[in-house]
Structure formats: C-alpha cells, structure tokens
*Asks:* 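Pasting a structure below so you can have a look.
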Amino acid sequence: MAGIIEVDWRDFFPYLKWIPNKAFEMSIQQKLFKMMAVMNALIKEQIKRIDSGEEVNCYLSYLLSEAKTLTKEQITMLVWETIAESADTTLDRLYDEMRKVCGCNKVKEENLSQLRYLDAVFHETLRKHSPTPLVPLRRVHENTQIGGYYIPAGSEIAVNIYGRNMYKNHWDNPEEWNPDRFMDEKYDPLDMYKTMAFGAGKSACAGSLQAIFLICVTIGRLVQEFEWRLNDGEEEKVDTVGLTSQELHPLFAILKPRE
Ligand code: HEM
C-alpha cells in the first residue's frame, strides 16, 4: 500500500527525468515484486477453488471465468486496484487530497475551499464527538409556540446537540463515524452545519470561522508531515467527559515523520 502514495519528484519536473533516482525505483520494484507474489498466490488459490467445483461468487471468479480475453497481468492489476481502493484509509485519502490540491506545498487557509474531504472529516468529527454536547441555556422571554410545543415565558431551554447528532431520522447510521456521508450528493455542503457544533442564532459561536480555518489547517499540516497510527486497542477509547467534551482516557498515537 505504501507504494501507492509514494511520489517520484521527477514527475513534477519532466525535463529533469534524465536525473537518476535509483532509491525510488528500487523501492517501487521491491513493492511491485511483493505485490505480484501476493496477487499470484491469491489467484492460484481462487483457480483451485473454481476447479474443485466450489461456488465462489466474487469479482476474481468473474474475471477468471467470464472475462477470458484478459491476460493474467490485466487480471492481477484489476484485482489489485480494487484492493488498493478499498484499503484506502482516512489518512491516506486526506494525504492524497492534499497532494492533489497543494502539491509539495504546505496546506494554507486559501486551499481549504478545495479540500472537501478534509472539511467532511472535520464536520463529521464534530457531529460524532460534539465538543459542546449541550448548547448554553436559553431563557424564554415571552410565551412561545415552537415545533408543536408551548413554552411559557420564564422557561430555560437547553438544546441537546449530542442527541440531535445521534438522531436516526436525521442521519443514516448516526453511530458510525463516516465523513463520506458529507461527500454524498444528497447532502448539501451547508448540511455540515446541521451538526450545530457552533450553536445557532444570535449567540452562535463568534469564533467558528477562525476555529474551522485553524483546525483544518492544523489537521492538514499534521497529516502532511506525519504518518499516524494508534496503539492496539486505542480505537475503543472514545468516551468523553465534561460539559465541553474532553477525552476520558488519553489517546496514545504513534507518529512517524513522512520521508
Ligand atoms: C471547534 C471549536 C469551537 C467550537 C466547537 C465552539 C462552539 C461554541 C458553541 C457551541 C457556542 C455556544 C453557541 C450558542 O449558544 O448558540 C460558542 C460560543 C462562543 N464561541 Fe465558540 N467554539 C469553538 C471555537 C471558538 C473560537 C476559536 C473562538 C474565538 C476565537 C470562539 C468564540 C466564541 C464566543 C465569543 C462565543 C459566545 C458567542 C455569544 O454568546 O454571542 N469559539 N462556541
């Protein structure tokens, strides 16, 4: 997988193609060799299953039995592409998106409008882990009718943001952290504000734009500079505590500077 996001700097300067880059070529050759070995074993195993009469309805079976015009190399690459695409992690996708938009430059505020996936990751995280699960209390000054409820003057109201963001009628599989929900055409980019992470109305967060710019650029820079992973079992530590959510258990991440 590492080979997928490796870049030969000469691709950005085609007129310098003549300069050797042996280290890069060797690293890609080694990865290609390992990939071919794994794919050959996979294909061999599948052919054995088909020959033994076992009914396996999958993409590889289809390619092997139906698409007879394909060469072995073509089958290998088609299956490999599918595996590579499906193994795409959030961090790889963020990194790839930034490479496409910013090239080798550091991500800046002016790039953010083009970084849709980064935006989706930011808003989905605010939805799933609402930093302010309850909007500060609102005091009702006059008798009011809203959403079918009568609210007498003098009442105090707290909006349950966490509850809204976990509401099945508003979100598909709300328990699942899935930035792709915002990439789906059925969502308007403005739907990201449905999370109400920054409150709403006259007292809505005065620093929301500053927060969005600062946090997205920071996430972008951290992904550009480091490969991230969590220690085993760390994914389970999602519990939060407090009126402004803080991690209940500290999360230990392992960082490796990108080469
Ligand atoms: C991810 C980061 C942030 C989140 C999730 C957040 C969330 C919120 C929420 C939920 C409220 C209450 C809104 C309401 O009552 O409807 C609020 C108010 C406020 N926030 Fe933020 N905030 C963030 C960052 C910031 C930053 C960076 C600043 C300042 C630079 C800021 C300044 C304020 C101010 C001044 C208010 C009070 C607004 C008022 O009562 O008129 N916030 N924020």
Side-chain angles (χ1 to χ4, degrees), residues 90-91 93-94 97-98 106-149 151-167 170-171 174-183 187-226 228 230 234-235 237-251 253 255:
T90 301
L91 285 170
R93 270 179 78 180
L94 281 175
E97 185 184 57
M98 276 183 289
K106 293 177 181 173
V107 60
K108 294 202 191 91
E109 233 175 80
E110 48 266 38
N111 303 126
L112 294 181
S113 60
Q114 289 166 276
L115 297 168
R116 269 209 69 202
Y117 188 63
L118 175 60
D119 206 23
V121 165
F122 173 72
H123 285 280
E124 175 65 350
T125 306
L126 291 183
R127 185 196 67 80
K128 179 77 205 299
H129 306 284
S130 313
T132 323
L134 290 176
V135 164
L137 290 178
R138 300 287 200 263
R139 198 172 167 75
V140 181
H141 294 286
E142 53 193 61
N143 296 340
T144 309
Q145 190 84 31
I146 192 165
Y149 294 93
I151 303 161
S155 313
E156 284 193 324
I157 294 183
V159 179
N160 180 354
I161 296 189
Y162 173 83
R164 272 194 91 256
N165 287 337
M166 290 294 143
Y167 189 44
H170 285 177
W171 306 97
E175 295 290 339
E176 189 191 348
W177 183 84
N178 172 22
D180 275 318
R181 71 174 76 244
F182 292 122
M183 308 293 276
Y187 283 96
D188 190 79
L190 280 179
D191 279 346
M192 298 195 192
Y193 293 91
K194 259 177 41 183
T195 64
M196 275 187 65
F198 295 104
K202 276 190 201 158
S203 297
C205 176
S208 60
L209 279 182
Q210 189 177 343
I212 293 173
F213 289 154
L214 237 147
I215 296 170
C216 286
V217 171
T218 307
I219 297 173
R221 293 289 299 119
L222 288 171
V223 173
Q224 277 184 321
E225 294 297 330
F226 301 100
W228 290 75
L230 290 175
E234 289 283 312
E235 286 99 338
K237 295 185 183 170
V238 290
D239 293 336
T240 52
V241 65
L243 211 52
T244 51
S245 304
Q246 296 157 38
E247 286 275 340
L248 183 57
H249 307 287
L251 206 60
L255 283 89

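Residues take their numbers from the sequence shown, with the count starting at 1. Just so you know, ligand 1 is whichever comes first in the structure, and atom 1 is the first atom listed for that ligand.
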*Asks:* Which ligand 1 atoms does V135 reach within 4.0 Å, using its non-hydrogen atoms?
*Replies:* 14 (C), 15 (O), 16 (O)

*Asks:* Give the atom numbers and elements of ligand 1 that come within less than 4.0 Å of a heavy atom of A200.
*Replies:* 16 (O)

*Asks:* Would you say that more than 12 heavy atoms from the other residues, nucleotides or ligands in this model lie under 6.0 Å from the CG of L137, or not?
*Replies:* yes

*Asks:* Under the 3.5 angstrom rule, does the side chain of R181 hit a backbone N or O of E176 as a donor-acceptor pair?
*Replies:* yes

*Asks:* Students should be able to answer this: which protein heavy-atom is nearest to atom 1 (C) of ligand 1, and at what distance?
*Replies:* I215 CD1, 3.6 Å

*Asks:* Under 4.0 Å from any heavy atom of A206, which atoms of ligand 1 are there?
*Replies:* 19 (C), 20 (N), 33 (C), 34 (C), 35 (C), 36 (C)

*Asks:* Between K128 and E124, does any NZ, NE, NH1 or NH2 come within less than 4.0 Å of an OD or OE carboxylate oxygen?
*Replies:* no

*Asks:* Can you check whether N143 reaches P152 side chain to side chain, under 4.5 Å on heavy atoms?
*Replies:* yes

*Asks:* Return the closest protein heavy atom for atom 8 (C) of ligand 1 as residue, atom name and distance.
*Replies:* C205 CB, 3.6 Å

*Asks:* Atom 4 (C) of ligand 1: which protein heavy atom is closest, and how many Å away?
*Replies:* F198 CE2, 3.4 Å

*Asks:* Identify the closest protein heavy atom to atom 29 (C) of ligand 1: which residue and atom is it, and at what distance?
*Replies:* G207 CA, 3.8 Å

*Asks:* Take atom CD of E156 as the centre, draw a 6.0 Å sphere, and report whether it contains more than 12 heavy atoms from other residues, nucleotides or ligands.
*Replies:* yes

*Asks:* Does at least one non-hydrogen atom of P131 fall below 4.0 angstrom from an atom of ligand 1?
*Replies:* yes

*Asks:* So is P136 polar-close to ligand 1, meaning N/O to N/O under 3.5 Å?
*Replies:* no

*Asks:* With heavy-atom distances below 4.0 Å as the criterion, list the atoms of ligand 1 near A197.
*Replies:* 5 (C), 7 (C), 10 (C)

*Asks:* W177 side chain to R127 main-chain N or O, any donor-acceptor pair under 3.5 Å?
*Replies:* no

*Asks:* Kindly say whether M98 contributes a backbone atom to a donor-acceptor pair with the side chain of Q224 at under 3.5 angstrom?
*Replies:* no

*Asks:* Please list the nearest protein heavy atom to atom 2 (C) of ligand 1 with its residue and the distance rounded to 0.1 Å.
*Replies:* A211 CB, 3.7 Å

*Asks:* I'd like to check which ligand 1 atoms, numbered from 1 as shown, lie under 4.0 Å from a non-hydrogen atom of G199.
*Replies:* 10 (C), 13 (C), 14 (C), 16 (O)

*Asks:* Report, in ascending order of atom number, the atoms of ligand 1 lying under 4.0 Å from any heavy atom of Q210.
*Replies:* 30 (C)

*Asks:* Which heavy atom of V140 sits nearest a heavy atom of T144, and at what distance?
*Replies:* CG1-OG1, 3.6 Å

*Asks:* If you have a sec, work out which protein heavy atom is nearest atom 38 (C) of ligand 1 and how many Å separate them, to one decimal?
*Replies:* S203 O, 3.4 Å

*Asks:* Where the closest heavy atom to atom 15 (O) of ligand 1 is concerned, which of M196, K202, R138 has it?
*Replies:* R138

*Asks:* Are the side chain of R116 and the backbone N or O of Q114 linked by a donor-acceptor pair below 3.5 Å?
*Replies:* no

*Asks:* Verify the neighbour count for atom OH of Y162: are there more than 12 heavy atoms of other residues, nucleotides or ligands below 6.0 Å?
*Replies:* no

